[in-house]
Amino acid sequence: MLNLVLFGPPGAGKGTQAEFLGKNFNLVHISTGDLLRTEIAAKTHLGIEAKKNIDKGELVPDSVVVDMIKGKLNAHPTANGFIFDGFPRTVAQAEALDLILEQNGMEISGMLCLQVEKQELINRLLNRGLTSGRSDDRDQSIIENRISVYERKTAPLIEFYKSKGKYIPVEGMGTVEEIADKLVQSVKAL
Ligand code: B4P
């Protein structure tokens, strides 16, 4: 069973590449960002609370996203594997994920880490903000806060996965197709 974490800062191309890798390797694609936006659009209690964090460029509480992940894993008992996009984002989330997978006889196969320069991240997100309608993509100061939250709370996961021998850096600058090719090669090498 293949279980991948697609990792990187906001705007690194996680959403774009996770969808492609999911289809290519027949994996269930789980994006916590997409799950949260679905809750926001449906105006559920969870969505209303999460929106307050997302609009400021902050993370949603760990317990909220971990519960969503449990629900999605339980909904796909016969899956060939999973690709986690935008999750885990804190060490607590990574530890919770390891535990949930272990309880189901699974483990993370590898953490693919997209490497992109900061100015490129800002440009991509501002560009998406022109058309996406996403409140967190419209304002440069919110985007910079998301990158700063990434550096403080999420980047420590690089050491977490390195210590388990699961960290795989992948060049994230270039065209979508070039990066997809590199990711496919990295997954095949697992
Ligand atoms: P996400 O939806 O995960 O948003 P993101 O970090 O911006 O990544 P995304 O996948 O959207 O961007 P991508 O790099 O694909 O999260 C949104 C918010 O939800 C978070 O800020 C947080 O508040 C909350 N949240 C989500 N998960 C959470 C968790 N686990 N814990 C707590 N809170 C959580 O793409 C960016 C743009 O670049 C796209 O427009 C794309 O078309 C473009 N692009 C991609 N590749 C490119 C390339 N090679 N060249 C040019 N453009 C490219």
Side-chain angles (χ1 to χ4, degrees), residues 4-22 29-41 46-73 82-98 100 111-157 160 170-183:
L4 304 172
V5 169
L6 188 58
F7 188 85
K14 300 184 296 288
T16 312
Q17 300 293 348
E19 198 181 329
F20 165 76
L21 288 175
H29 173 199
I30 302 184
S31 157
T32 40
D34 287 349
L35 292 172
L36 289 166
R37 283 185 287 278
T38 302
E39 297 282 343
I40 291 170
L46 191 161
I48 291 165
E49 288 303 307
K51 188 172 187 313
K52 293 178 191 164
N53 298 105
I54 292 175
D55 282 354
K56 288 186 278 186
E58 299 290 336
L59 296 180
V60 170
D62 290 337
S63 58
V64 172
V65 285
V66 169
D67 282 350
M68 289 195 319
I69 290 287
K70 279 185 194 158
K72 285 299 277 184
L73 290 175
F82 295 88
I83 180 157
F84 298 96
D85 159 12
F87 179 90
R89 259 175 156 99
T90 63
V91 171
Q93 291 180 19
E95 287 170 346
L97 178 61
D98 276 355
I100 300 165
M111 181 259 226
L112 301 155
C113 180
L114 290 168
Q115 325 254 302
V116 181
E117 288 161 17
K118 185 171 176 181
Q119 191 54 49
E120 172 72 7
L121 299 174
I122 295 172
N123 294 345
R124 286 184 191 178
L125 293 175
L126 284 173
N127 201 23
R128 183 173 64 187
L130 297 174
T131 54
S132 69
R134 274 180 59 169
S135 54
D136 55 345
D137 282 346
R138 269 184 234 144
D139 182 315
Q140 179 144 352
S141 68
I142 295 173
I143 291 175
E144 284 179 0
N145 189 42
R146 287 163 65 192
I147 296 172
S148 142
V149 168
Y150 166 82
E151 284 162 356
R152 280 183 287 120
K153 298 189 173 168
T154 307
L157 286 175
F160 179 91
V170 179
E171 173 63 58
M173 302 281 288
T175 67
V176 169
E177 293 75 21
E178 285 165 349
I179 299 160
D181 275 351
K182 289 185 183 131
L183 286 164

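Each ligand, and each atom within it, is numbered from 1 in the order the structure gives. Computed from a predicted model, the values in this text were never measured in an experiment. For reference, positions follow the sequence shown, starting with 1.
When the salt bridge (charged side-chain N to carboxylate O under 4.0 Å, His left out) test is applied to Glu49, the partners found at least two apart in sequence or on another chain are Lys52. Looking at residues two or more places apart in sequence or on another chain, you find a side chain to side chain contact (heavy atoms under 4.5 Å, CB included) between Ser148 and Asn145, Arg152.
With a 4.5 Å cut-off on side-chain heavy atoms, Thr32 and Pro88 do not count as touching. Residues Asp136 and Asp55 form no side-chain contact, since every pair of their non-hydrogen atoms from C-beta on lies 4.5 Å or further apart.
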Give me the pairs of N or O atoms, one from ligand 1 and one from the protein, that sit under 3.5 Å apart.
unit_1: ligand 1; atom_1: 2 (O); unit_2: Arg37; atom_2: NH1; d: 2.9
unit_1: ligand 1; atom_1: 2 (O); unit_2: Arg37; atom_2: NH2; d: 2.8
unit_1: ligand 1; atom_1: 3 (O); unit_2: Arg89; atom_2: NH1; d: 3.1
unit_1: ligand 1; atom_1: 3 (O); unit_2: Arg89; atom_2: NH2; d: 3.3
unit_1: ligand 1; atom_1: 4 (O); unit_2: Arg134; atom_2: NH2; d: 3.2
unit_1: ligand 1; atom_1: 6 (O); unit_2: Lys14; atom_2: NZ; d: 3.2
unit_1: ligand 1; atom_1: 6 (O); unit_2: Arg89; atom_2: NH2; d: 2.8
unit_1: ligand 1; atom_1: 7 (O); unit_2: Arg128; atom_2: NH2; d: 3.3
unit_1: ligand 1; atom_1: 7 (O); unit_2: Arg146; atom_2: NH2; d: 2.5
unit_1: ligand 1; atom_1: 8 (O); unit_2: Lys14; atom_2: NZ; d: 3.4
unit_1: ligand 1; atom_1: 10 (O); unit_2: Gly15; atom_2: N; d: 3.1
unit_1: ligand 1; atom_1: 11 (O); unit_2: Arg128; atom_2: NH1; d: 2.8
unit_1: ligand 1; atom_1: 11 (O); unit_2: Arg128; atom_2: NH2; d: 3.3
unit_1: ligand 1; atom_1: 11 (O); unit_2: Arg134; atom_2: NH1; d: 3.2
unit_1: ligand 1; atom_1: 12 (O); unit_2: Arg128; atom_2: NH1; d: 3.2
unit_1: ligand 1; atom_1: 14 (O); unit_2: Gly11; atom_2: N; d: 3.4
unit_1: ligand 1; atom_1: 14 (O); unit_2: Ala12; atom_2: N; d: 3.0
unit_1: ligand 1; atom_1: 14 (O); unit_2: Gly13; atom_2: N; d: 2.4
unit_1: ligand 1; atom_1: 14 (O); unit_2: Lys14; atom_2: N; d: 3.1
unit_1: ligand 1; atom_1: 15 (O); unit_2: Lys14; atom_2: N; d: 3.3
unit_1: ligand 1; atom_1: 15 (O); unit_2: Gly15; atom_2: N; d: 2.7
unit_1: ligand 1; atom_1: 15 (O); unit_2: Thr16; atom_2: N; d: 3.4
unit_1: ligand 1; atom_1: 16 (O); unit_2: Arg89; atom_2: NH2; d: 3.4
unit_1: ligand 1; atom_1: 23 (O); unit_2: Glu58; atom_2: O; d: 2.7
unit_1: ligand 1; atom_1: 27 (N); unit_2: Thr32; atom_2: OG1; d: 2.8
unit_1: ligand 1; atom_1: 27 (N); unit_2: Gly86; atom_2: O; d: 3.4
unit_1: ligand 1; atom_1: 27 (N); unit_2: Arg89; atom_2: NH1; d: 3.0
unit_1: ligand 1; atom_1: 30 (N); unit_2: Thr32; atom_2: OG1; d: 3.4
unit_1: ligand 1; atom_1: 30 (N); unit_2: Gly86; atom_2: O; d: 3.0
unit_1: ligand 1; atom_1: 30 (N); unit_2: Gln93; atom_2: OE1; d: 3.0
unit_1: ligand 1; atom_1: 31 (N); unit_2: Gln93; atom_2: NE2; d: 2.9
unit_1: ligand 1; atom_1: 33 (N); unit_2: Val60; atom_2: N; d: 3.0
unit_1: ligand 1; atom_1: 49 (N); unit_2: Arg124; atom_2: NH2; d: 3.4
unit_1: ligand 1; atom_1: 49 (N); unit_2: Gly174; atom_2: O; d: 3.0

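Applying the side-chain hydrogen bond (donor to acceptor under 3.5 Å, both in side chains) test between Asp85 and each of Gln17, Lys14, His29 identifies His29 as the sole match.
Applying the ring pair (Phe, Tyr, Trp, His ring centres under 6.0 Å) test to every pair with at least one member in residues 52-71, sequence neighbours left out, gives no pairs at all.
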